[in-house]
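Sequence lines set the chain letters: A, B, ... in the order given, protein chains first and strands last, and positions in each chain run from 1.
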Amino acid sequence: MDLDPEDVFKDEEDDPDNEFFQQSESSKEYVVYLVDASPKMFNTTCPGKDQKDEIHFHVSISCIAESLKTQIICRSYDEVAICFFNTREKKNLQDLNGVFVFNVAEREQLDRPTARLIKEFDCIEESFMREIGSQYGIVPGSRENSLYNALWVAQALLRKGSIKTADKRILLFTNEDDPFGSLQGAAKADMTRTTLQRAKDIQDLGISIELLPLIRLDEEFNVSVLYSDLIGLDSEDLAQFIPSAGQKLEDMKDQLRKRMFTKRIIRRITFHIVKGLSIQLNTYALIRPTVPGAITWLDSVTNRPLKIERSLICEDTGSLIQEPPKRFQPYRNENVKFSMDEISEIKRISTGHLRLLGFKPLCCLKDYHNLRPSTFVYPSDQEVVGSSCIFIALHRSMLRLKRFAVAFYGGSSRPQLVALVARDEITTAGGQMEPPGMHMIYLPYSDDIRDAEEIFPDTEDDAPRADKDQIQKAAALIKRIEMKDFSVFQFANPALQRHYAVLQALALEEDDIPETIDETVPDEEGLARPAVVKAIEEFKLSVYGDNYDEENDHLGKEKVGGASRKRKEIAENAAKDYDWADLADNGQILLETLG
Amino acid sequence: MARNKEKLVLLLDVGPSMHGVLPEVEKVCSMLVEKKLIFNKDDEVGVVVFGTEETNNELMDEVGGYENIVVLQDIKVVDGDLIDILKKLPRGTVDGDFLDAIVVGMDMLIKKYKGIYKGKKRLCLITNAIHPTKDSLEGSKEDQVGTLAVQMTAQGMKMESIVVRGILSQDANKRIMDENDRLLSIFSKKTRSRTVYVDSPISLLGALKTRRVTPVTVFRGHLELSQQMKIKVWVYKKTQEEKFPTLKKYSEKAPSTSKFATHQVMVDYEYKSVDDSSTVVPPEQRIKGYRYGPQVVPISDAERDAVKFKPEKGVKLLGFTDASNIIRHYYMKDVYLFIAEPGNTRAILAVSAIARAMKEMNKVAILRCVWRQGQQNVVVGVLTPNISQNNKIPDSFYFNVLPFIEDVREYQFPSFNSFPASWLPNEQQQMAADEFVQMLNLAPSGKEEALLPEFTPNPVLERFYHHLELKSKQPDAAVPPLDETLKRITEPDLELDFENKSVLDSLCKHFELKENSKLKKSARRLLPEKPSGSNGEDGNGNVSDARAVDSIGQEPVVKIEKIGDLTPVQDFEVMMTRRDNPEWVGKAIREMRDKILSLLTNSHGGDNYLVAVECIIALRKGCILEQEPGPYNNLMRYLYRYCQEKEISTFPKLLASMDVTLISKSEAVDSSNFTDDEARRFLDKIKPEPKD
């Protein structure tokens, strides 16, 4: 039968994870990137990589470009508009001065990101001065207020869609903490007042305004001059918005990147702690595999999409089946039938809630107790006031006592036991690295755990175990091939990068497909350093003796040549009985770091 | 595939001290056979019970002895009768001898297959092993067990022993228990046997793997430390979700009495043009399209093959790093197991050395894996050491997949320290929580860890197989309630709760929950749903016990009585929130309407328009809030006529640009007569020129 391998028409019960991984279209986000293009944005720099200074405008542009590329992959239903203010030219529906809405062909001003938008935005800096121009829009003696205009244009861009079905946000990039600084007296007060009122109206419409301040080495961005009022910060939030002076560019970029996307709640759940004490939690998917989107079948003649019609045909009679069929399981020589209702009834063994069962020491959570990506939970007082307080108390107790909670999560797709592991907040200069809260780890059942390691015990003999010397040689090797600052955010997915590079090139009808780099290949250069080679050879010798090549003959022919000569050298060196680990600790040998 | 069949003999202790757990033994054994009937139909099973009044086995007939052991069922291909037998195990009257039972079981397997069958042969013993075994005629018991173990290995048999202890067995003679444990451990040491101890009904149900899955390697090849050194490894799945069985679709078209009807359903797919649903597009005319934002980019398979990412098969080391760099919640998938190539001593040693060094140094390894040739992606993951506790089993590694940059959403969450003090627990509350976390301990020292994943069966699957068995006898059998034993997986252990009642009470006393009174709909959502099969006495979920509704609203501080010229919007808002007299709302709306009209009529060159629009927006919001769209909608229609008459175009344009529509039904459910569309069309109407 001709079936789509990545069948989108799978039955729901066949694919219970569907909802788990997919972004739903109903939770759209509308974002207006509002970028200050004043001369100050072009004059101010912060030191970037390799001591090269980067101008603030460039930093903003590259952050947006990066987020557009992420967005078109992960959240292509979200809509964006890019709007500059303090510009020489103007382009906006209201025809207001100093505001320029950037757009490309075949696209509304607020629309889903397209390949063309990404491509043209990527080289906007080349043509910016020529076509858009930078000019500060608030000057004494004039009634122009470019910030006010910018907010107004942004608001108008966001009039699309209902606030119920979409998150609407304005992200404001600027390095000017006092936009009305050049004004005096009544004029200043007046402009400040009208601008704040404008911002308030925008927020009253359910649109959030977020500030992404860019700062200089020698100067603080003083939020309290205007922006804390403009975006409605509480004193508690203030601290988060005053990045310290002298912050590194990388940290700043880090923080910008993190604040580009809003949090999306996957679900609100009720957490029963004990009888009579149930709190509200929100769950978030912080980590989920990103996969190339689903396939849409097209008619190759017209390039028009095809719709797939599925029909169920009775194999005995050949007639079409209209009503949803029952299911059956062959068992004991007959077909036992189940209705879909019965099947969902069987699966419903609990309320959809999370129910606390008890606590265990952290060491009880084994490496193999894992099935899927974890889900983050964070308390909410929105419906049940007091939820946060209990959650924080338990969170602190669990951290202090090194315990995790075991709970039963009675969702409909797969009710199962989960571990709730408390994590403390970790912050660096670049912002929050790990949020405070608990991670819900899905635990396997006994039927899900296999014992493959037990299938090959050799006869009556005990299994071979490495001796002290071999372990020591292995330890020396581990020290050599160490990745000191490894973080899980290190690698881009090469398959995904390639896929989207191909799509982008084809979408724009370009001839060349841009090269993508596979960052996941081993650092051959680092591994070829003499000290590393030596450590590996030593270990090899301690385990394989002289037999390595024979043992690996039929699989690893390619490396036989030089190896034996090397081995001889190593054997001689080994005789001198260096304590490699010790030497390394004392800094006598340069520690090799791969990365 | 004869090699893949399993020959199994169940050795079940049914002596008096076992009676308490026999219902669980019956359940788990019949489940085992139920699953075999579906997944391993050709497996053969025999059943031996010991501790019975009677004696019935071949060994007794042949050589004497072996009393109180009954072969309930000779080894045969699994069938429904076997389940019936296992569901009604006899209750024995004497304390059984598990060693004798093992001999009987081995004898059955040897006689039946006499070396002609080389496949899997297994004994499964369930006992509490608290009663003495008979002294052997020659040599010590240890010698006897040693001989049996040699025989077992020679015959290629494997044994699994589940020893029921703790609260499940009576207080027994410790000396005898220790002796029995020692004897059983000889089997574990000398044969391919496994002994597990369980002390709760749940773990008894989970301890016996009821589904036999033949392990399949994910990868066989080299673990490349570098170009110069490679270790031969095999990779298996360590965990993999056992899914709910995929049931086939059943067609009721053919008469149910028809003997030849298959009742199968064929699923047919037709690809039709979106524009013209009468034509079916043939396969060769179809091309795959991939989404890139709003665009769908057609790429033929040949094109895609030419440009797609094609990594070489292989498992390569990227480096080692501190275990603390890999936080547990980054694990993305089910777990893999890396073992050295079986029988390859050097590879086993190499794995052992690295694993042990990693363990000592608290390091993990980062690997890049391409499991198969032709695979279109790579995974980067973390390798952690698994130091074997069993002398027979080599050291190995676990592996899990780590996220790529694209897989991580770096959301920011407020720091708990930034919360208002009233949200943070005080000292007493923290103490109550500490005590609670400490006391509600599922893994107290000296006792079996409760709800250990290894021993916790999947309640949904148990329920399904139970229902399947019921339906095979009675097709319209209702879905059975969740097994009482398994309910303890889904709900707190009442016993544990009872033991810690004071701690629980103290927790409830120290923390107070209130429903947020500002939210209307929350009450409905928080009412507990009843799980199916629950008997209804469950009131755990009801928050209303702790609900105390806070109904004191907020009084505006400044009492505004009139809408002024300076801050009309704020004045209006304050008036709308005044609750000391219901007339304020009406007054605010009236005053606002007048204000707007005066702003418009007194405008010179449109200088008041902005303020007017702001006022209109505020009025609109207020009217929606009060669910009184009338005054607002009437005003808007009046303004529309006014602007037409006066030929004012900028003001309507302004309104349109701000998306100021009529109030529609969806915004004011009971009182507006306009649909969303109509409300919007009004906007189009007042917009002077069509959108470009």
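Here CD1 of B/Ile366 is found 6.0 Å from CE of A/Met483. Values are rounded to the nearest 0.5 Å. In this structure, A/Ile478 CD1 and B/Leu317 CG are separated by 9.5 Å, a value rounded to the nearest 0.5 Å. One finds the CG atom of B/Leu318 at 5.0 Å from the CZ atom of A/Phe491 (value rounded to the nearest 0.5 Å). Put simply, CZ on A/Arg327 and NZ on B/Lys248 are 12.5 Å apart, with the number rounded to the nearest 0.5 Å. From A/Ser374, atom OG reaches atom CE of B/Met332 across 9.5 Å, with rounding to the nearest 0.5 Å. Rounding to the nearest 0.5 angstrom, the gap separating the OH atom in A/Tyr500 from the OH atom in B/Tyr290 is 11.0 Å.
Looking at every heavy atom in both residues, B/Ala353 comes nearest to A/Gln470 through CB-O, 3.7 Å. Here the shortest heavy-atom pairing between B/Glu454 and A/His369 reads OE1-NE2, 3.1 Å. B/Pro403 approaches A/Ile287 most closely through the heavy-atom pair CB-CG2, 3.8 Å. A/Phe359 approaches B/Asn441 most closely through the heavy-atom pair O-OD1, 3.3 Å. Across every non-hydrogen atom of A/Leu277 and B/Cys508, the tightest pair is CD2-CA, 4.2 Å. When all heavy atoms of A/Arg348 and B/Arg463 are compared, the closest pair comes out as O-NH1, 3.1 Å.
Under the 3.5 Å distance criterion, the side-chain polar atoms of B/Ser352 are matched with a main-chain donor or acceptor of A/Ala466. When atom types are taken as modelled, the side chain of B/Arg346 and the backbone of A/Val543 share a donor-acceptor pair closer than 3.5 angstrom. When atom types are taken as modelled, the side chain of A/Arg112 and the backbone of B/Gly293 share a donor-acceptor pair closer than 3.5 angstrom. Proximity of a side-chain donor or acceptor of A/Asn493 to a complementary backbone N or O of B/Phe404 within less than 3.5 Å is not detected. A distance-only check finds no donor-acceptor pair linking the side chain of B/Ser251 to the backbone of A/Cys314 [under 3.5 Å]. Within the 3.5 Å criterion, the main-chain N or O of B/Glu242 finds a donor-acceptor partner in the side chain of A/Asp448.
Chosen from A/Leu356, A/Ile279, A/Leu443, the residue pairing most often with chain B at heavy-atom distances under 4.5 Å is A/Leu356. Of the listed residues (B/Asp334, B/Ile287, B/Val265, B/Val335), the one with the most heavy-atom contacts under 4.5 Å to chain A is B/Ile287. If you tally non-hydrogen atom pairs under 4.5 Å between each of A/Ala507, A/Ala156, A/Pro415, A/Gly386 and chain B, the highest count goes to A/Ala507. When A/Asn370, A/Ile72, A/Ile449 are compared by the number of non-hydrogen pairs under 4.5 Å with chain B, A/Asn370 comes out ahead. Heavy-atom pairs under 4.5 Å with chain B were tallied for A/Asn303, A/Ile513, A/Ile321; the largest tally goes to A/Ile321. Ranked by heavy-atom pairs under 4.5 Å with chain A, the first of B/Arg356, B/Lys308, B/Met229 is B/Met229. No other option in A/Gln94, A/Arg498, A/Glu315 has as many heavy-atom pairs under 4.5 Å with chain B as A/Glu315. Taking chain A as the reference chain and counting heavy-atom pairs below 4.5 Å, the highest number among B/Lys621, B/Lys237, B/Arg211 is found for B/Lys621. Ranked by heavy-atom pairs shorter than 4.5 Å toward chain B, the options A/His439, A/Arg304, A/Glu334 are led by A/His439.
In this structure the side chain of B/Lys333 never reaches within 4.5 angstrom of the side chain of A/Arg372, judged on heavy atoms. In this structure, B/Gln285 and A/Val301 have side chains that are in contact, with non-hydrogen atoms separated by less than 4.5 Å. Counting only heavy atoms from C-beta outward, the side chains of A/Leu306 and B/Lys272 never approach each other to under 4.5 Å.
The contact between B/Val380 and chain A is made entirely by side chain atoms (from C-beta outward), counting heavy-atom distances below 4.5 Å. Residue A/Pro305 touches chain B through both its backbone and its side chain, counting heavy-atom pairs closer than 4.5 Å. At a 4.5 Å heavy-atom cutoff, the contact between B/Leu349 and chain A is made by backbone and side-chain atoms alike. The contact between B/Val408 and chain A is made by backbone and side chain atoms together, counting heavy-atom distances below 4.5 Å. With a 4.5 angstrom heavy-atom cutoff, A/Leu503 touches chain B via backbone and side-chain atoms both. Both the backbone and the side chain of B/Gln438 come within contact range of chain A, with heavy atoms under 4.5 Å apart. Heavy atoms of B/Gln430 lying under 4.5 Å from chain A belong to its backbone as well as its side chain. Of the atoms belonging to B/Asn458, heavy atoms from both backbone and side chain fall under 4.5 Å from chain A. For a residue to count as touching a neighbouring chain, one of its non-hydrogen atoms must lie under 4.5 Å from one of that chain's; by this rule B/Ile326 touches chain A with the side chain only. Interface remark: B/Pro215 contributes side-chain atoms only to the contact with chain A (heavy atom separation under 4.5 Å). For B/Leu402, the part lying near chain A is the side chain, with the backbone staying farther off; criterion is any non-hydrogen pair under 4.5 Å. Heavy atoms closer than 4.5 Å to chain A are found in the side chain of B/Ile299, but not in its backbone. Proximity to chain A involves both the backbone and the side chain of B/Val437, based on heavy atoms less than 4.5 angstrom apart. B/Leu507 touches chain A through backbone and side chain together, each having a heavy atom under 4.5 Å away. The contact between B/Arg291 and chain A is made by backbone and side chain atoms together, counting heavy-atom distances below 4.5 Å. Of the two parts of A/Leu371, the backbone and the side chain both hold a non-hydrogen atom closer than 4.5 Å to a non-hydrogen atom of chain B.
Under the 6.0 Å cut-off for aromatic ring centres, B/Phe320 and A/Phe486 do not qualify, their centroids lying 6.0 Å or more apart. Between A/Phe338 and B/Tyr250, the distance from one ring center to the other does not fall under 6.0 angstrom. Side-chain rings of A/Tyr445 and B/Phe455 stay apart, their centers remaining 6.0 Å or farther from each other.
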query: Could you go step by step and tell me if A/Gln329 and B/Lys471 meet the side-chain contact (heavy atoms from CB on, under 4.5 Å) rule?
result: CA-CA 11 Å; A/Gln329 171 69 55; B/Lys471 278 199 156 210; over 6 Å; no

message: Apply side-chain contact (heavy atoms from CB on, under 4.5 Å) to residues A/Leu527 and B/Gln227 and explain how you reach the verdict.
response: CA-CA 8 Å; A/Leu527 286 169; B/Gln227 292 284 351; over 6 Å; no

Residues B/Thr384, A/Asp367; criterion side-chain hydrogen bond (donor to acceptor under 3.5 Å, both in side chains); working and verdict: CA-CA 8 Å; B/Thr384 56; A/Asp367 281 341; 2.8 Å; yes

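Looking at B/Glu270 and A/Arg310, no side-chain N of the basic residue comes within less than 4.0 Å of a carboxylate O on the acidic one, giving no salt bridge. Taking the charged nitrogens against the carboxylate oxygens, A/Asp299 and B/Arg286 have no contact shorter than 4.0 Å, which rules out a salt bridge. Between B/Glu449 and A/Lys360 a salt bridge is recorded (basic side-chain N to carboxylate O distance below 4.0 Å).
Ring orientation note: the planes of B/Phe413 and A/Tyr284 are nearly perpendicular, at an angle over 60° on the 30°/60° scale.
Side-chain N/O atoms of A/Gln504 and B/Tyr292 include a donor and acceptor closer than 3.5 Å.
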